Amino acid sequence: MCTAGMGKPAQCIAVMGHAIATGLVLIGTGSSVKLDKELDLAVKTMVEISRTQPLTRREQLHVSAVETFANGNFPKACELWEQILQDHPTDMLALKFSHDAYFYLGYQEQMRDSVARIYPFWTPDIPLSSYVKGIYSFGLMETNFYDQAEKLAKEALSINPTDAWSVHTVAHIHEMKAEIKDGLEFMQHSETLWKDSDMLACHNYWHWALYLIEKGEYEAALTIYDTHILPSLQASGAMLDMVDSCSMLYRLQMEGVSVGQRWQDVLPVARKHSRDHILLFNDAHFLMASLGAHDRQTTQELLTTLRDASESPGENCQHLLARDVGLPLCQALVEAEDGNPDRVLELLLPIRYRIVQLGGSNAQRDVFNQLLIHAALNCTSSVHKNVARSLLMERDALKPNSPLTERLIRKAATVHLMQ
């Protein structure tokens, strides 16, 4: 890939080494160049080196894409990675970085189609071709092509049974189709193959726990949390582990389950990142932790600095989205904690179809759907009396046979009778 000429290969390798290492930190950890001086220096060093060397167009695009992502302009970074893939469809770095960035943006169709465009080039003889099946299957699943997604994921697993990403896609499919029994059996039978995966083991256990919450087996879900999810967060401090921890505790609380002092265990991570504002999706989960732990200072710091970020100039896509979507969502979480369900509805109903723009998967964002339904169930205003019924009819149509939905429908019937 380096074309610097004889005698200078190490310098070109250094440029791509910087692009790879810096990109992995930025995209994989949710770190901020504004708050992490070492990371900021790494980005600047990468750019400076690129200006002193005769790079290929492909190399220059990689550098530009990482720099653009660091500045918060995720859509533009994706455009640059796509330019690479047009000429180099087997460039795994461009494929994976763009896939993750599309995920952060909630660009579900782009996440699917980006892989569709290059998939035929990944013939079985090319290393990592089975992994591309798993990436493609995830985009198909998120856009509701469940049968095609499952077929690809299982093809990938037949080639590499330890592919935790493809396991994760199958787990999502069972979740979205409310196939609780099949999901539990799949996770139990495959556990030994993915439990040692560095990045996704915790998240796969989270999916396992979601099936248990669906069934109303709360103690079993908490056992998975205590045994796998919290220890993973405490060992890694990873953003995915943090999101999984907060999302699970919040879902259990909405189900009326006491989580004890568990919020105190995740609070230190929320405190560290309350000023980051890299991803609004993460911000909402940090806020769940500070609210759950009754830490008013961290809550206020997060909200104040997010409001400041939303008013700052620049190309940061998350900051631009904060005013219209991120801040109303965060305020709804505060209102729910303060016992103001009518206000939660007023904040969430207008933006419910925009929350996808915060990124995350359909399964992950369902925590916000559940928040809206629980608020509707607890509303006191006559204006909102039929909102819960409408939301539950919609949910039941999209995801039939969900035990969780059935419980909520029974609760709605009880609330209606009491009014």
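This is a predicted model, so every value here is computed, not measured.
Every residue meeting the salt bridge (charged side-chain N to carboxylate O under 4.0 Å, His left out) condition with D226, not counting sequence neighbours, appears here in chain and number order: R262. A search for side-chain contact (heavy atoms from CB on, under 4.5 Å) contacts involving P89 returns I118, F121, not counting sequence neighbours. By the side-chain hydrogen bond (donor to acceptor under 3.5 Å, both in side chains) test, Q83 pairs with R57, sequence neighbours left out. A search for side-chain hydrogen bond (donor to acceptor under 3.5 Å, both in side chains) contacts involving Y146 returns N144, not counting sequence neighbours. Residues passing the side-chain hydrogen bond (donor to acceptor under 3.5 Å, both in side chains) test with E335, sequence neighbours excluded: Q331, N340. In this structure, N204 has no side-chain hydrogen bond (donor to acceptor under 3.5 Å, both in side chains) partners at least two apart in sequence or on a different chain. Every residue two or more places apart in sequence or in another chain that forms a side-chain contact (heavy atoms from CB on, under 4.5 Å) with D113 is listed here: E109, R117. The side-chain contact (heavy atoms from CB on, under 4.5 Å) search around E406 returns R410, not counting sequence neighbours. Among residues two or more places apart in sequence or in another chain, the side-chain contact (heavy atoms from CB on, under 4.5 Å) test is passed with D366 by R251, N369, Q370, R395.
Counting only heavy atoms from C-beta outward, the side chains of V167 and L193 never approach each other to under 4.5 Å. Contact of the V259 side chain with the Q253 side chain is registered, since non-hydrogen atoms from C-beta on lie closer than 4.5 Å. Counting heavy atoms from C-beta outward, D324 and Q357 have side chains that stay 4.5 Å or more apart. Counting heavy atoms from C-beta on, the side chains of F74 and Y107 never come closer than 4.5 Å. Considering only heavy atoms from C-beta on, L408 comes within 4.5 Å of H374 through its side chain.
Under the 6.0 Å cut-off for aromatic ring centres, Y131 and W165 do not qualify, their centroids lying 6.0 Å or more apart. Ring-centre distance between Y205 and W194: below the 6.0 Å cut-off. In summary, the aromatic rings of H285 and F281 are positioned with their centroids under 6.0 Å apart.
A pairwise comparison of heavy atoms in K215 and I180 identifies CG-CG2, 3.4 Å as the closest pair. Closest approach of F103 and Q364 over heavy atoms only: CZ-OE1, 3.3 Å.
Defined by atom type and a distance below 3.5 Å, a donor-acceptor pair is present between the side-chain atoms of S402 and E214. Looking only at atom types and distance, the side chain of E175 has no donor-acceptor partner in the side chain of Y211 under 3.5 Å away. Neither side chain, Q110 nor S114, offers a donor N or O lying under 3.5 Å from an acceptor on the other. Under 3.5 Å, the side chains of H174 and D182 contain no donor-acceptor pair of N or O atoms. Checked by atom type, the side-chain pair T299/S290 shows a donor-acceptor distance below 3.5 Å. Inspection of the S236 and D241 side chains reveals an N or O donor paired with an N or O acceptor under 3.5 Å.
A salt bridge between K399 and E394 is absent, with no side-chain N of the basic residue lying under 4.0 Å from a carboxylate O of the acidic one. We find that E155 and K151 are joined by a salt bridge, their nearest charged nitrogen and carboxylate oxygen being less than 4.0 Å apart.
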L327 and S310: CA distance, side-chain angles, deciding distance, side-chain contact (heavy atoms from CB on, under 4.5 Å) verdict | CA-CA 9 Å; L327 282 166; S310 74; 3.7 Å; yes

Given L391 and R352, is the side-chain contact (heavy atoms from CB on, under 4.5 Å) satisfied, shown in steps?
-> CA-CA 11 Å; L391 292 170; R352 62 184 299 241; 3.7 Å; yes

Hey, mind stepping through R407 and E255 against salt bridge (Lys or Arg N to Asp or Glu O under 4.0 Å) and telling me if it holds?
-> CA-CA 10 Å; R407 285 199 301 276; E255 290 278 295; 2.6 Å; yes

List the steps and the verdict of side-chain contact (heavy atoms from CB on, under 4.5 Å) for L358 and L105.
-> CA-CA 6 Å; L358 303 186; L105 288 162; over 6 Å; no

CA sep, side-chain torsions, deciding dist, call: L249, M288, side-chain contact (heavy atoms from CB on, under 4.5 Å) | CA-CA 9 Å; L249 293 180; M288 290 176 192; over 6 Å; no

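S64 contributes atom OG, which lies 11.5 Å from atom CD of E59 (distance to the nearest 0.5 angstrom). From S258, atom OG reaches atom CG of L252 across 10.0 Å, with rounding to the nearest 0.5 Å. Here CZ of R389 is found 12.5 Å from CG of L377. Values are rounded to the nearest 0.5 Å. Taking CG from L85 and CG from L93, the interatomic distance works out to 9.5 Å, rounded to the nearest 0.5 Å. Here the straight-line distance linking atom OG1 of T143 with atom CZ of F138 works out to 10.0 Å at 0.5 Å rounding. Between L306 atom CG and L287 atom CG the span is 9.5 Å, to the nearest 0.5 Å.
Within the structure, the side-chain hydrogen bond (donor to acceptor under 3.5 Å, both in side chains) test picks out the following pairs touching residues 67-76 (sequence neighbours left out): N73-E315. Pairs passing the side-chain hydrogen bond (donor to acceptor under 3.5 Å, both in side chains) check and including a residue from residues 266-282, sequence neighbours excluded, read R271-D295, H273-D276, S274-E301, R275-E301, H277-D283, H277-T305. The salt bridge (Lys or Arg N to Asp or Glu O under 4.0 Å) analysis of residues 185-194, with sequence neighbours excluded, yields the pairs K181-E185.
Between H207 and H168, the angle of the ring planes goes over 60°, which puts this pair in the perpendicular group of the 30/60° scheme.
Using modelled atom types, no side-chain atom of E217 and backbone atom of L212 make a donor-acceptor pair closer than 3.5 Å. The backbone N or O of A293 lies less than 3.5 Å from a partner atom in the side chain of Q264, making a donor-acceptor pair. Looking at S98, its side chain does come within 3.5 Å of a backbone N or O of L95 through a donor-acceptor pair.
Tested against F69 for a side chain to side chain contact (heavy atoms under 4.5 Å, CB included), the candidates T22, I27, V43 yield a single pass: I27.
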